[in-house]
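First comes the structure, then the notes that go with it.
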Amino acid sequence: MTAMLPAPYRVIDRHEETYDTVTLRLEPVGAAIPDFRPGQFTMLYAFGVGEVPISISGDGSGGGRTAGGDGAGPVLVQTLRAVGAVTRALCDARPGMTVGVRGPYGSDWDVAGAAGQDLVIVAGGIGLAPLRPVVLAALADRDRYRRVVLLVGARTPRDLLFPAEIAAWRERGIEVAVTVDQADAGWTGDVGLVTALVDRAVYDPARCAAFVCGPEVMMRFTARSLLRRGVPAHRIRVSLERDMKCGVGLCGHCQLGPLLVCRDGPVVRYDGVADLIVVKEL
């Protein structure tokens, strides 16, 4: 089955975002995987170690299109945290090394479907990586959207992803607020949960599309805050995370009630999963 065979990709750039998180830019060595949409994921393979699902954190233009062995292919930008053997091996990959890529898989954020609305983008921790393409898409076609609000939460200032980009996004008109759970001596911003930012952010709940990604408990409480503000449940999208193995809905490892997250997600409407993600260990 062709979809199950990893395509070789060469690491062309490696950037350390934080002490445990790395962004890799990858170019196809031969045939490229198909074009991807914001919110989709790939299965990244560290040869001899294993593979893991990683959301794409670029917009397809991260360095342009490069010539692979069978033609031009999009540069893949993938941000991952070292939390296990496979992600540690991938985080340690240096320019010139080869990794395997399958995909893209899953559903997308459907940013284009939010045209004419306020965009409220809420990220917790590493969740900013899958949401980065939403910000980039909004900036690339800024006139299609009304207010664009980015709310970011991190454990500490040193855990904050893309700080230079966040500053640049703010300068380009994105309304940005950042909070941390624990401040350090140099932090002058907000301290507390990202839900507090949701409660005081300025947007029109009746003309709003919300995109939420982070730890599951954070997404639950963020969705509740959005609902209290009047945002309809069907206008809230969340990105789910489960133990994916095949990526194509065959193995069942990522089952969440009636859903297979790799096939039916990872991006889903909140009204479709609100009752599922409150069930412990489901």
Side-chain angles (χ1 to χ4, degrees), residues 1-5 33-34 36-45 50-57 78 80 83-84 86-87 101-114 117 119-131 133-134 194-195 198 205 208-282:
M1 185 176 181
T2 303
M4 300 299 289
L5 298 175
I33 66 171
F36 49 84
R37 303 185 303 274
Q40 290 189 297
F41 69 95
T42 65
M43 298 296 293
L44 283 188
Y45 185 68
E51 66 177 356
V52 289
I54 302 293
S55 292
I56 298 167
S57 58
Q78 309 230 219
L80 58 158
V83 294
V86 181
T87 48
V101 180
R102 290 197 289 120
Y105 299 129
S107 55
D108 65 278
W109 291 111
D110 188 23
V111 186
Q117 302 172 48
L119 305 186
V120 180
I121 305 161
V122 190
I126 193 70
L128 183 56
L131 285 167
V134 178
V194 72
T195 49
V198 176
C208 166
F211 308 86
V212 185
C213 187
E216 202 158 280
V217 63
M218 166 264 176
M219 292 195 293
R220 291 201 306 268
F221 281 98
T222 296
R224 292 174 188 173
S225 294
L226 291 164
L227 292 171
R228 284 197 303 270
R229 288 287 302 268
V231 180
H234 71 275
R235 304 300 286 275
I236 303 171
R237 289 181 175 266
V238 298
S239 183
L240 302 175
E241 184 176 351
R242 286 296 184 276
D243 184 19
M244 300 183 198
K245 296 297 184 184
C246 71
V248 293
L250 294 177
C251 71
H253 276 79
C254 64
Q255 183 176 4
L256 175 65
L259 306 179
L260 293 176
V261 173
C262 71
R263 182 194 66 195
D264 304 311
V267 179
V268 294
R269 287 183 2 181
Y270 181 70
D271 59 336
V273 296
D275 294 335
L276 297 176
I277 62 176
V278 298
V279 180
K280 187 176 181 180
E281 298 182 357
L282 181 62

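All values reported here derive from a predicted model rather than from experimental measurement. Both backbone and side-chain heavy atoms feed into the values below; hydrogens, waters and symmetry mates do not.
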Drop me the distance from Thr87's OG1 to Leu80's CG, to the nearest 0.5 angstrom.
6.5 Å
Can you give me the closest heavy-atom contact between Gly103 and Pro34, atom names plus distance?
O-CD, 3.4 Å
Here the pair of heavy atoms bringing Ala123 nearest to Val194 is O-CG2, 4.2 Å
Closest non-hydrogen contact found for Pro266 with Phe41 is CD-CD2, 3.7 Å
Contacts of Glu51 that satisfy salt bridge (charged side-chain N to carboxylate O under 4.0 Å, His left out) - sequence neighbours left out
Arg102
Work out which heavy atom in Met43 is nearest to a heavy atom in Tyr105; give both atom names and the distance.
CG-CE1, 3.7 Å
Show every donor-acceptor pair shorter than 3.5 Å between a side-chain atom in residues 247-264 and any protein atom, with sequence neighbours excluded, or say none if there are none.
| from | atom 1 | to | atom 2 | distance (Å) |
| --- | --- | --- | --- | --- |
| Gln255 | NE2 | Gly257 | O | 2.9 |
| Asp264 | OD2 | Leu260 | N | 2.8 |

Heavy-atom pair with the smallest gap, counting every atom of Trp109 and Ser239
CH2-CB, 3.7 Å
Using ring pair (Phe, Tyr, Trp, His ring centres under 6.0 Å) as the criterion, list what pairs up with Tyr270, not counting sequence neighbours.
none
Quick check for you: to the nearest 0.5 Å, what is the distance between Ile54 atom CD1 and Ile126 atom CD1?
8.0 Å
Per the salt bridge (charged side-chain N to carboxylate O under 4.0 Å, His left out) rule, what does the pair list look like for residues 122-131, sequence neighbours excluded?
none
Side chain to side chain contact (heavy atoms under 4.5 Å, CB included) with Thr222: of Val120, Leu227, Val122, only one passes, and it is Val122
Note, Pro133 side chain near Phe36 side chain (heavy atom, < 4.5 Å):
no
With side-chain contact (heavy atoms from CB on, under 4.5 Å) as the criterion, how do Leu44 and Gln78 come out once you've worked through the C-alpha distance, each side chain's angles and the decisive distance to 0.1 Å?
CA-CA 9 Å; Leu44 283 188; Gln78 309 230 219; 3.5 Å; yes
So which heavy atom on Ile56 is nearest to which on Pro104, and how close?
CD1-CB, 4.4 Å
Return the set of residues passing salt bridge (charged side-chain N to carboxylate O under 4.0 Å, His left out) with Arg228 (not counting sequence neighbours), or none when no residue passes.
Asp199
Validation: residues 208-221 side-chain donor-acceptor distances under 3.5 Å, sequence neighbours left out:
| from | atom 1 | to | atom 2 | distance (Å) |
| --- | --- | --- | --- | --- |
| Glu216 | OE1 | Arg242 | NH1 | 2.7 |
| Glu216 | OE1 | Arg242 | NH2 | 3.4 |
| Glu216 | OE2 | Arg242 | NH2 | 3.4 |
| Arg220 | NH1 | Ile277 | O | 3.2 |

Ignoring hydrogens and geometry beyond distance, is a side-chain donor-acceptor pair present between Ser107 and Gln40 at under 3.5 Å?
no
